[in-house]
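Only one structure is covered here, and it is reproduced in the block below.
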Amino acid sequence: MLADSNLTKVRVNESMLELVEGDITRQETEAIVNAANSSLLGGGGVDGAIHRAAGPELLAECRTLGGCPPGEARLTRGYRLKAKYVIHGVGPIYSGTPRDAELLASVHRHALQLASEHRIVTVAFPAISTGVYGYPMEEAAPVALQTVIEYLRRHSEIKTVRFVLFGRRAYQAYATALKALIVDD
Ligand code: ADP
């Protein structure tokens, strides 16, 4: 594991799992994942930032999709983003029940399955559900990371998964969780 103050990289079989501190709208991965809501019609936080950066064509395409249930994801083009695609994932609204982790794992898996189906080899994720949806960062991080690690172990077609963490505290939470998962291996 290569760990820096704002970059961590680990190899999972043939693929790389990276943590960076930054803004997901500026990523040059082929796809970025949006932390969307079920309507897919835009919102605040990372969703608002992605729609602003992509331009109004993104909302126009989202309107054709008819929403998306929690735990699933839908793919659109990226329009004015550097990323060619946006994968809109709907995470759980935190409830403090075991369903939270199931849905959080599911939305990560679903987003990666869409990437595989569309032959997308580099994907960036934000910390889904940890903003307005209230999922504590320290609880969300191991679930998100474990799910991605398990997927990459079985799917070498995806070459890089990068978590783009907004701010120091988010980065630290994910870096700490990743260290614990790697040590447990
Ligand atoms: P949710 O409704 O799924 O909780 P939010 O957008 O409210 O979605 O927050 C999800 C996470 O995305 C939060 O940790 C928030 O700090 C982070 N975030 C907000 N803006 C950006 C951005 N431009 N790039 C990456 N992460 C972001």
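Remember, it's 1-based here, ligands and their atoms both numbered in the order they're listed. Residue indices begin at 1 and follow the sequence shown.
When only interatomic distances are considered, the shortest N/O to N/O separation between Met137 and ligand 1 does not fall below 3.5 Å. Taking distance alone, with nitrogen or oxygen atoms compared against 3.5 Å, Thr25 stays at or beyond that limit from ligand 1. Of the polar atoms of Thr130, at least one N or O is found under 3.5 Å from an N or O of ligand 1, judged by distance alone. Looking at ligand 1, you won't find any N or O of Ala49 less than 3.5 Å from one of its N or O atoms. An N or O contact shorter than 3.5 Å is missing between Pro126 and ligand 1 by distance.
Among Gly167, Ala127, Gly48, the residue whose heavy atom lies nearest to atom 11 (C) of ligand 1 is Ala127. Taking only non-hydrogen atoms, the option from Phe166, Phe163, Phe125, Tyr133 nearest to atom 20 (N) of ligand 1 is Phe166. The option from Gly22, Ser129, Ala173, Gly43 that lies nearest to atom 3 (O) of ligand 1, judged by heavy atoms, is Ser129.
Here the heavy atom of the protein found nearest to atom 24 (N) of ligand 1 is Ile24 N, 2.9 Å. Among all non-hydrogen protein atoms, the one lying nearest atom 7 (O) of ligand 1 is Val132 N, 2.9 Å. The single protein non-hydrogen atom nearest to atom 6 (O) of ligand 1 is Val46 N, 2.8 Å, given as residue, atom name and distance. Residue, atom and distance of the protein heavy atom nearest to atom 4 (O) of ligand 1 are Gly131 N, 2.8 Å.
The distance from ligand 1 to the heavy atoms of Gly45 drops below 4.0 Å at these ligand atoms: 6 (O). Residue contact check: Asp23 has heavy atoms under 4.0 Å from atoms 22 (C), 23 (N), 24 (N) of ligand 1. Contact atoms of ligand 1 toward Ala35: 3 (O), 8 (O) (distance under 4.0 Å to a heavy atom of the residue).
Counting only heavy atoms from C-beta outward, the side chains of Leu112 and His155 never approach each other to under 4.5 Å. The shortest side-chain heavy-atom distance between Val90 and Glu72 does not fall under the 4.5 Å cut-off. Within the 4.5 Å cutoff, the side chain of Pro92 has heavy atoms near those of the Ser129 side chain.
Proximity of atom 15 (C) of ligand 1 to the protein is not indicated, since no non-hydrogen protein atom lies closer than 4.0 angstrom.
A side-chain donor-acceptor contact under 3.5 Å links Ser15 to the backbone of Ile158. A donor-acceptor contact shorter than 3.5 Å is absent between the side chain of Lys84 and the backbone of Leu81.
For the residue pair Glu117 and Gln113, no side-chain donor N or O sits within less than 3.5 Å of a side-chain acceptor on the partner.
Under a 4.0 Å heavy-atom criterion, Gly91 is not in contact with ligand 1.
Criterion: ILVMFWY side-chain heavy atoms under 4.5 Å apart, direct or through other members. Under it, Met16 and Leu7 are not part of a common hydrophobic cluster. The cluster map of Ile, Leu, Val, Met, Phe, Trp and Tyr, joined by side-chain heavy atoms under 4.5 Å apart, puts Val164 and Phe166 in different clusters. Tyr85 and Val121 are not part of a single hydrophobic cluster, where members link through side-chain heavy atoms under 4.5 Å apart.
Ring-plane geometry between His88 and His51 is classed as tilted, the angle between the planes lying from 30 to 60 degrees on a 0 to 90 degree scale.
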Set out, in order, the CA-CA distance, both residues' side-chain angles and the distance that settles ring-ring contact (aromatic ring centres under 6.0 Å, His included) for Tyr133 and Tyr94, then state yes or no. CA-CA 6 Å; Tyr133 279 6; Tyr94 188 71; over 10 Å; no
